[in-house]
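In listed order, ligands and their atoms are each counted from 1. Side chains are part of it too, since the values below use all heavy atoms of this structure and drop only hydrogens, waters and symmetry mates.
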Amino acid sequence: MTLRLYGFWRSNAAFRVRVALALKGLDYDEIEVDILSGDQFGSGYAAVNPERAVPTLVHDGHHLSQSMAIIEYLDELHAEPRLLPIDLRDRAYARSLAAVSAADTHPLTVPRVRKHIAGVFGADPAAIERWCQHWISEGLATYERLLARRPGTPFALGAEVSIADIGVAGQVALADVYHMDVDDFPNVANLAKHCFSLPAFATAHPFAQPGYHAVST
Ligand SMILES: N[C@@H](CCC(=O)N[C@@H](CS)C(=O)NCC(=O)O)C(=O)O
């Protein structure tokens, strides 16, 4: 079996897939698509993923996109450890937690959105940074309220790591990229501490990627 991930060091969606691959112990190679330089629009990448976004996972020649769909595919391909709980209600809860970051907040911070608010509304780099920090903070606050209502330990659903934790940890990784601390969100901070103590999460972090370099947002 061969697995190739097209990603980028600061891509939060690629982070989610890296964590899932590592938790399942699946070997893969990663090809960098520099989405800050526009490589997602190049003719080479068009053949890989017409969405013009990362991640793309290529499994034995089969192309998969959208991080959540990729994680669910990996969960069905390689069941252990399960990232989607067996229990119907737990599974819905885990998916809903993951979606707070993957569907609601992270998409507001991606390069095409930043470029659009700069080009159409004249947002300067400081305004774009404030925009992103606002939505990241909103996501963290939503997670804090959800985790307070249903505390899990050490992970969101209890003893086992799940797709929910990938979402929460991803939101914290996003905060790291935007120079934000998570001190105001103690439940989130505690969950992230447990997640990032696992090599699968730590090695997936944007700052641990070979292409990482400190850039302004
Ligand atoms: N919903 C998609 C998000 C894909 C996405 O927007 N990826 C970003 C990086 S995290 C990207 O490649 N953006 C390119 C752009 O905005 O031009 C997923 O979860 O995979």
Side-chain angles (χ1 to χ4, degrees), residues 3-23 28 30-59 62-75 83-84 94-121 123 125 128-129 131-133 135-136 139 142-143 162-178 180 201 204-213 215-217:
L3 287 165
R4 166 166 292 178
L5 176 67
Y6 289 83
F8 186 57
W9 68 265
R10 69 177 266 161
S11 162
N12 207 252
F15 164 85
R16 292 191 279 271
V17 174
R18 271 189 224 110
V19 174
L21 286 163
L23 284 170
Y28 64 98
E30 181 163 344
I31 307 289
E32 182 182 86
V33 180
D34 185 344
I35 59 172
L36 294 179
S37 303
D39 288 0
Q40 69 273 38
F41 303 109
S43 55
Y45 193 62
V48 175
N49 185 346
E51 290 177 53
R52 298 176 170 169
V54 295
T56 305
L57 185 73
V58 183
H59 173 215
H62 182 72
H63 292 220
L64 300 129
S65 61
Q66 291 288 342
S67 59
M68 304 301 281
I70 295 171
I71 293 172
E72 297 217 10
Y73 176 87
L74 291 173
D75 219 38
L83 299 177
L84 288 141
R95 282 188 174 121
S96 70
L97 276 193
V100 168
S101 184
D104 290 352
T105 57
H106 161 243
L108 294 165
T109 68
V110 297
R112 60 186 174 276
V113 171
R114 301 201 300 269
K115 206 179 303 170
H116 189 69
I117 60 175
V120 175
F121 303 107
I128 294 171
E129 177 156 357
W131 163 276
C132 292
Q133 288 175 335
W135 292 114
I136 294 164
T142 301
Y143 275 136
S162 75
I163 197 168
D165 304 295
I166 296 178
V168 179
Q171 193 72 14
V172 171
L174 207 49
D176 292 340
V177 168
Y178 281 87
M180 300 163 67
F201 283 83
H205 192 282
F207 300 164
Q209 304 316 302
Y212 164 66
H213 53 100
V215 284
S216 63
T217 55

Given 3.5 Å as the limit, does a donor-acceptor pair link the side chain of [X] with the main chain of [Y], or not?
X	Y	result
Arg4	Glu30	no
Gln209	His205	yes
Gln171	Ile136	yes

Practice prompt. Find the distance between CG (Leu23) and CG (Asp165) and round it off to the nearest 0.5 Å.
Written response: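 Reported value, rounded in 0.5 Å steps: 9.0 Å.
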Practice prompt. Name all residues meeting the side-chain hydrogen bond (donor to acceptor under 3.5 Å, both in side chains) criterion together with Ser96; count only those two or more places apart in sequence or in a different chain, and write none if there are none.
Written response: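 With neighbours one apart ignored, the set is empty.
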Worksheet item: Does a side chain donor of either Tyr45 or Thr56 reach within less than 3.5 Å of an acceptor in the other side chain?
Response: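 Checked: Tyr45/Thr56 side chains pair up, N/O donor to acceptor below 3.5 Å.
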Are any protein N/O atoms closer than 3.5 Å to the N/O atoms of ligand 1? If there are, list each pair with names and the distance to one decimal place.
residue: ligand 1; atom: 1 (N); partner: Gln66; partner atom: OE1; Å: 2.7
residue: ligand 1; atom: 6 (O); partner: Arg112; partner atom: NH1; Å: 3.0
residue: ligand 1; atom: 6 (O); partner: Arg112; partner atom: NH2; Å: 3.0
residue: ligand 1; atom: 7 (N); partner: Val54; partner atom: O; Å: 2.7
residue: ligand 1; atom: 12 (O); partner: Val54; partner atom: N; Å: 2.8
residue: ligand 1; atom: 13 (N); partner: Arg112; partner atom: NH1; Å: 3.4
residue: ligand 1; atom: 16 (O); partner: Pro111; partner atom: N; Å: 3.4
residue: ligand 1; atom: 16 (O); partner: Arg112; partner atom: N; Å: 2.8
residue: ligand 1; atom: 16 (O); partner: Arg112; partner atom: NH1; Å: 3.0
residue: ligand 1; atom: 17 (O); partner: Gln40; partner atom: NE2; Å: 2.8
residue: ligand 1; atom: 19 (O); partner: Arg16; partner atom: NH2; Å: 3.1
residue: ligand 1; atom: 19 (O); partner: Ser67; partner atom: N; Å: 3.4
residue: ligand 1; atom: 19 (O); partner: Ser67; partner atom: OG; Å: 2.6
residue: ligand 1; atom: 20 (O); partner: Ser67; partner atom: N; Å: 2.8

